[in-house]
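Here's the structure we're looking at; comments come further down.
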Amino acid sequence: MNRYTRFGAVLAVVGVLALAQQAAKPQVQYATITGAGGIEGTAVIMTLPSGEHKVFVQVEGLKPGSGSYANHIHYNDKGDANCQAQNGDKLVGLANLVADGKGYAVAFTELPTSVKYPSGTTYVNIHSNSPQPVGASIACGMVEMK
Ligand SMILES: [Cu+2]
């Protein structure tokens, strides 16, 4: 290998690495969650190049030790799902949030590539857990592109 071919080989490797890095960049969306009684939290939705989604939800201000809370990504066919209107009649299920002794909860959900992220606006809803296991919304956040 002479100097020039070696230089060319290095350039090629750098180029491939740069492309790989670009292709591997996940897309990130997030939601700032707020609710009555000082409930607040954040959801981060990472979409990997493979189409897989990783969803992290953290919330605080729940009643300490108050059990598990259903939470979902809500959307609708019209594409205008909105927290205030609570008009997202379709949903993507997420792992339950379980309130610890301080009222904190964290949940992580991996959605397979078969789950396409809904089009239109979406929101993350946290539901009350009493008297029924999946009650009305107690906190919500619109999902925005980072
Ligand atoms: Cu829901």
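Nothing fancy with the numbering, it's 1 onward along the sequence. Counting convention: from 1, in listed order, for ligands and their atoms alike.
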Tell me, which protein N/O/S atoms are under 2.8 Å away from the Cu ion (ligand 1)?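 Sorted hits: His72 ND1, His74 NE2, His127 NE2.
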
Please identify which of these residues, Leu97, Val59, Ile39, meets the side-chain contact (heavy atoms from CB on, under 4.5 Å) condition with Tyr69.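 Of Leu97, Val59, Ile39, side-chain contact (heavy atoms from CB on, under 4.5 Å) with Tyr69 is met by Leu97 alone.
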
Testing Ile45, Val115, Thr109 one by one against Val92 for a side-chain contact (heavy atoms from CB on, under 4.5 Å), which residue passes?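 Among the candidates, only Val115 passes.
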
Spacing of Gln27 atom CD and Tyr117 atom OH [to the nearest 0.5 Å]: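 The distance works out to 10.0 Å.
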
Expected output: side-chain Asn96 to main-chain Asn71 donor-acceptor under 3.5 Å: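 Checked: no pair found.
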
Look at the aromatic rings of His127 and His72 and report parallel, tilted or perpendicular, splitting at 30° and 60°.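 Tilted, since the angle between the ring planes falls between 30° and 60°.
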
Salt bridge check, Asp100 against Lys102: does any charged N sit closer than 4.0 Å to a carboxylate O?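 Asp100 and Lys102: not salt-bridged.
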
